[in-house]
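Data first, discussion second: the structure below is written as structure tokens.
Position 1 is the first residue of the sequence; numbering continues from there.
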Amino acid sequence: ETLVTVGTRTVDKAALHYVQAEGNYVLAQTAHGRLFEKATLGSVTAQLQSGDGIMVSRSCWIAQAELGPWPYAKARRIV
């Protein structure tokens, strides 16, 4: 699937840069701007594959494309 639902909006997964939890909302940065939607970080990341990006903290997911080449190919990626 190439589309991700963020609250009431649908975003192309390739355009997603990062998603950050903000209480009962998420802030999603995309190639087209920012979205501030009522949703949970878990509801957004549940739609993503492990190779799409990583959780850098409990409240922030970053797309792999924003990180560049993954230097630790054997490391476990977390979504």
Would a distance-only check, ignoring hydrogens and angles, find a side-chain to backbone donor-acceptor pair under 3.5 Å from Glu37 to Thr8?
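Flag set: sc Glu37 to bb Thr8 pair under 3.5 Å.
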
Looking only at side chains, do Ser59 and Gln20 share a donor and an acceptor under 3.5 Å apart?
no

Residue pair [X] / [Y], side-chain heavy-atom distance below 4.5 Å:
X	Y	value
Met55	Thr45	yes
Val4	Val44	yes
Gln64	Asp52	no
Val19	Leu27	no

Heavy-atom pair of closest approach, residues Gly7 and Ala39
N-CB, 3.7 Å

Nearest heavy-atom neighbours spanning Leu41 and Cys60
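Looking at all heavy atoms of both residues, the closest pair is CD2-N, 3.8 Å.
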
Those residues that, when tested against Tyr18, pass ring pair (Phe, Tyr, Trp, His ring centres under 6.0 Å) (two or more places apart)
none

Run the side-chain contact (heavy atoms from CB on, under 4.5 Å) test on Ile54 and Leu67 for me, step by step, so that the C-alpha distance in whole Å, both residues' side-chain angles and the decisive distance to 0.1 Å come before the verdict.
CA-CA 9 Å; Ile54 62 169; Leu67 300 171; 3.6 Å; yes

Working to the nearest 0.5 Å, report the span between NZ of Lys38 and CD of Glu22.
14.0 Å

Any chance you could lay out the side-chain contact (heavy atoms from CB on, under 4.5 Å) test for Leu16 and Trp61, step after step, and finish with the verdict?
CA-CA 10 Å; Leu16 199 57; Trp61 174 91; 3.8 Å; yes

Residue list, side chain to side chain contact (heavy atoms under 4.5 Å, CB included) with Thr5, at least two apart or on another chain:
Thr10, Gln47

Could you list the residues that satisfy side chain to side chain donor-acceptor pair (under 3.5 Å) with Arg58, not counting sequence neighbours?
none

